[in-house]
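Letters A, B, ... mirror the listed sequences (proteins, then strands); counts begin at 1.
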There are 2 protein chains.
Amino acid sequence: MELILEKGYEAVTVTDLINRANVGRSTFYAHFTDKQDVLFSNLDELSGLLRLAPASRPGTLFAFSLPMFEHLHEQRRLARALLGRRGGSAVMARGEQILATVVRDELLAALPPRSTPPDSLDLMVTCVVGAFMALLRKWADGELTATPAEMDAAFRAVVTPGVETAFRR
Amino acid sequence: MELILEKGYEAVTVTDLINRANVGRSTFYAHFTDKQDVLFSNLDELSGLLRLAPASRPGTLFAFSLPMFEHLHEQRRLARALLGRRGGSAVMARGEQILATVVRDELLAALPPRSTPPDSLDLMVTCVVGAFMALLRKWADGELTATPAEMDAAFRAVVTPGVETAFRR
DNA sequence: TTATAACCGAACACATTGTTCCGAAACAAG
DNA sequence: CTTGTTTCGGAACAATGTGTTCGGTTATAA
């Protein structure tokens, strides 16, 4: 994390890592195969937060949004290191996958089964996830200064009307 | 382009390039500074298309959308090489910048001046651009099969109601 | 005390980058 | 055709990074 914050994920080398960690080169390669392996081995806790959130506010679409922004606000340093432009695209890509399945399930549950063809559902999911991730990245990078509540409100303000319009068909 | 399609942008080396192009190493570095330089030197035509589109359909929000999808449909191979996941993030990042200013100007022109605070405008622009770019990337990657018209419709269906709701305040 | 496992770090082969240098080729003008 | 200029080709080079191997050292636990 220190190194990513200093130089950005791409620029961090294995040599940097083992120097900073006071670890032998062979030791590193005995535990990890890659630079990426180090990153991903600490990344599975994320899924939990996203899946837990909807239950806390039943009936609300995209309930993951506010808790997510709040969580990342508390872990600002970490969020910036991993999600910002300097963090490389690996973590964002993984988060996008996870979020996509969450949003998809949420829409399927809220949507009357045959009101929307599945293709069109995928398009909608992509839009929603794309908008959210874009907000997330810019926020983590400090390009947007807003409270978690404001971020959540903006996200929902843009996305919800369009989704609900699709509901009424 | 051949090399990007074969191995993905990240994996293409300068050595690959000069071999494929039958060009001396020194000749390459006499013309370009970087791998990235080769890419960006062929990328400024894009801006034109985006700025031209709104004039053709006055009054329509996000008029760039349909022409953009149509253009990329014609240049499918190229689009996939540059915009897909294997194309790296450089081109997408550049496109995102360009598109953001276009969307921002479009919203400022359509929006009554003091109806929305500028901070909130940035959030909205980010959402809109994020949704569009996400659609673009997945489409270029072949993860979504839809006609340009369908892509445009889906984009506008999700985004427009939210934006127009913000107008009426 | 001793056996087992984990670690350290030097050394290595390999790949990639960006620079330098000199001879060869292309080209334009006379 | 010749000459002078510009561009090109490619070998060689120093730097930096990667992933592997191996012999010696340290920690751990029985």
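- Looking at A:N19, its side chain does come within 3.5 Å of a backbone N or O of A:T15 through a donor-acceptor pair.
- When rounded to the nearest whole Å, the span between CD of B:E10 and C1' of C:dT16 equals 15 Å.
- Distance CG/A:D37 to NZ/A:K35: 12.5 Å, rounded to 0.5 Å.
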With a 3.5 Å cut-off and sequence neighbours excluded, list the donor-acceptor pairs that the side chains of residues 127-144 of chain A form with protein atoms.
residue: A:R137; atom: NH1; partner: B:E96; partner atom: OE2; Å: 3.3
residue: A:W139; atom: NE1; partner: A:A146; partner atom: O; Å: 3.0
residue: A:D141; atom: OD1; partner: A:R85; partner atom: N; Å: 3.2
residue: A:D141; atom: OD2; partner: A:R85; partner atom: N; Å: 3.0

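- Using a 4.0 Å cutoff on non-hydrogen atoms, the parts of residues 26-35 of chain A near DNA chain C are A:S26, A:T27, A:H31, ordered by number.
- Near DNA chain C, meaning a heavy atom under 4.0 Å from it, residues 16-24 of chain A has A:N22, A:V23, A:G24 in order of number.
- Ion pair B:E6/B:R20 flagged as a salt bridge, since at least one NZ, NE, NH1 or NH2 atom sits closer than 4.0 Å to an Asp/Glu carboxylate oxygen.
- For A:E10 against A:G88, the heavy-atom pair with the smallest separation is OE2-CA, 3.8 Å.
- Atom CZ of residue B:R25 and atom OG1 of residue B:T27 lie 11.0 Å apart, to the nearest 0.5 angstrom.
- What you find for B:V103 and B:F64 is that their closest heavy atoms are CG2-CE2, 3.8 Å.
- Interface remark: the A:R25 side chain does form a donor-acceptor pair with the D:dG19 base, using a distance-only criterion of under 3.5 Å.
- With rounding to the nearest 0.5 angstrom, the CD atom of B:E106 is 10.5 Å from the OG1 atom of B:T101.
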